Number of protein chains: 2
Amino acid sequence: MEEYVKILKENNLKVTPQRLIVLKYLGEHHTHPTTDIIYRDLKTNNPSLSKTTVYNTLEALKEHGIIQSITISGSELRYDFKQGMHHHFLCKKCGRITDIDIECPNLGKMLECGHNVEEVHGYFKGICKNCLKKEA
Amino acid sequence: MEEYVKILKENNLKVTPQRLIVLKYLGEHHTHPTTDIIYRDLKTNNPSLSKTTVYNTLEALKEHGIIQSITISGSELRYDFKQGMHHHFLCKKCGRITDIDIECPNLGKMLECGHNVEEVHGYFKGICKNCLKKEA
DNA sequence: ATATGTGCAAACTGTTTGCAGCCGC
DNA sequence: GCGGCTGCAAACAGTTTGCACATAT
């Protein structure tokens, strides 16, 4: 828990119970949850929590580069505790999103083309290993 | 125009005026438009056109692999006339999305990991060349 | 006392659904 | 006349906004 307090302080974000539990949730669940999932899971033990606060908190964490949002599923934002560059794989069958730990070898080429690249997102979609196994 | 009729026929899609103008629009505008942009632009010369039909048509074209949807901007789907693998760059300033013609060297590595990869999306975000120039 | 965070409700946006009417083979 | 396409309106989901209250320096 202390580590999350530290992260907030280092980023000049006021430490509130709400921010702490949201950040802790993301630190412990690498499932790329939506705002609603985070809200529903936390609501149980924190009945007074509001969804607006979850939105606000995620926005603040994102602005400070502590987390990042991914748009792989299209209809909603999902959040990811940031830890080095990696890509994502979305299984169209079970809906699970898994981390893919590969670098982006295109970045060098991107820099050549003159744009100032701040974010790199690699999204792969298909059927995951597990679902393939079940089908067989 | 005849080329778009041909595409629809080849994919066993009934040729209707609505489908033709939507497909033609995407063939001629490589701007990665949203459903709403397509609708508004076409509505002028086709007042009876309904947005539902635009949604339906885009869905049909996508299912047949004629176009693809990209989720780079998060809040809405954007459409792209499909033509070989390429990536996308979104300028956070002017909002423009540009095609990046590079291959994805990660695909090989992805196949190794056992998932069945059907789609590859590479999204880069930052400030584009043009906007950088204006700033300077 | 002031600035910031929280939480409710209402608004807004993009998308989907239900259904009636239409068109073409 | 049947199946698929169109278009309207209503429903829906995710997100944002306005505002009053709470909290902490």
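Just so it is clear, the model here is predicted, and its values are computed rather than measured. Chain letters run A, B, ... following the sequence lines, proteins first, then strands; residues in each count from 1.
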Proximity to the side chain of [X] - top-ranked nucleotide from [options]:
| X | options | answer |
| --- | --- | --- |
| A:Thr53 | C:dT6, D:dG7, C:dT15 | C:dT6 |
| B:Thr52 | C:dT15, D:dG14, D:dG7 | D:dG7 |
| A:Lys14 | D:dT15, C:dT16, C:dG5 | C:dG5 |
| B:Glu76 | D:dT16, C:dT15, C:dG7 | C:dT15 |
| B:Tyr55 | C:dT16, D:dT15, D:dT6 | C:dT16 |

Rounding to a whole Å, what distance do you find between [X]:[atom1] and [N]:[atom2]?
| X | N | atom1 | atom2 | answer |
| --- | --- | --- | --- | --- |
| B:Asn12 | D:dG4 | CG | P | 13 Å |
| B:Glu59 | C:dG14 | CD | P | 18 Å |
| B:Lys51 | C:dG14 | NZ | C1' | 8 Å |

Self-check item: Stepwise side chain to side chain contact (heavy atoms under 4.5 Å, CB included) check, A:Thr31 with A:Ile97
Solution: CA-CA 7 Å; A:Thr31 50; A:Ile97 296 170; over 6 Å; no

Quiz item: Quick one: does A:Ser50 reach the base of C:dC8 with a side-chain donor-acceptor pair under 3.5 Å?
Solution: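 Side chain to base: no pair below 3.5 Å.
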
Quiz item: Of B:Arg19 and B:Pro47, whose closest DNA chain D nucleotide lies nearer the 5' terminus?
Solution: B:Arg19

Quiz item: When you check the phosphate oxygens OP1 and OP2 of C:dT4, does a side-chain N or O of A:Thr16 lie under 4.0 Å from one of them?
Solution: no

Self-check item: Side-chain N or O of B:Thr35 closer than 4.0 Å to phosphate OP1/OP2 of C:dT15
Solution: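 So the side-chain polar atoms of B:Thr35 do come within 4.0 Å of the phosphate oxygens OP1 or OP2 of C:dT15, strictly under.
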
Quiz item: Contact class for A:Thr34 vs. all strands (heavy atom < 4.0 Å): base, sugar-phosphate, or nothing?
Solution: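 Here A:Thr34 touches no strand at all.
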
Exercise. Would you mind classifying the nucleic acid contact of B:Asn56 as base, sugar-phosphate or nothing, using non-hydrogen atoms under 4.0 angstrom?
Key: base

Quiz item: Relative to each other, are the rings of B:Tyr123 and B:His88 parallel, tilted or perpendicular (30° and 60° limits)?
Solution: tilted

Quiz item: For the residue pair B:Phe81 and B:Tyr4, does the interplanar ring angle fall in the parallel (under 30°), tilted (30 to 60°) or perpendicular (over 60°) class?
Solution: perpendicular

Quiz item: In terms of side-chain heavy atoms, does A:Asp99 have a donor or acceptor partner in A:His32 at a distance below 3.5 Å?
Solution: yes

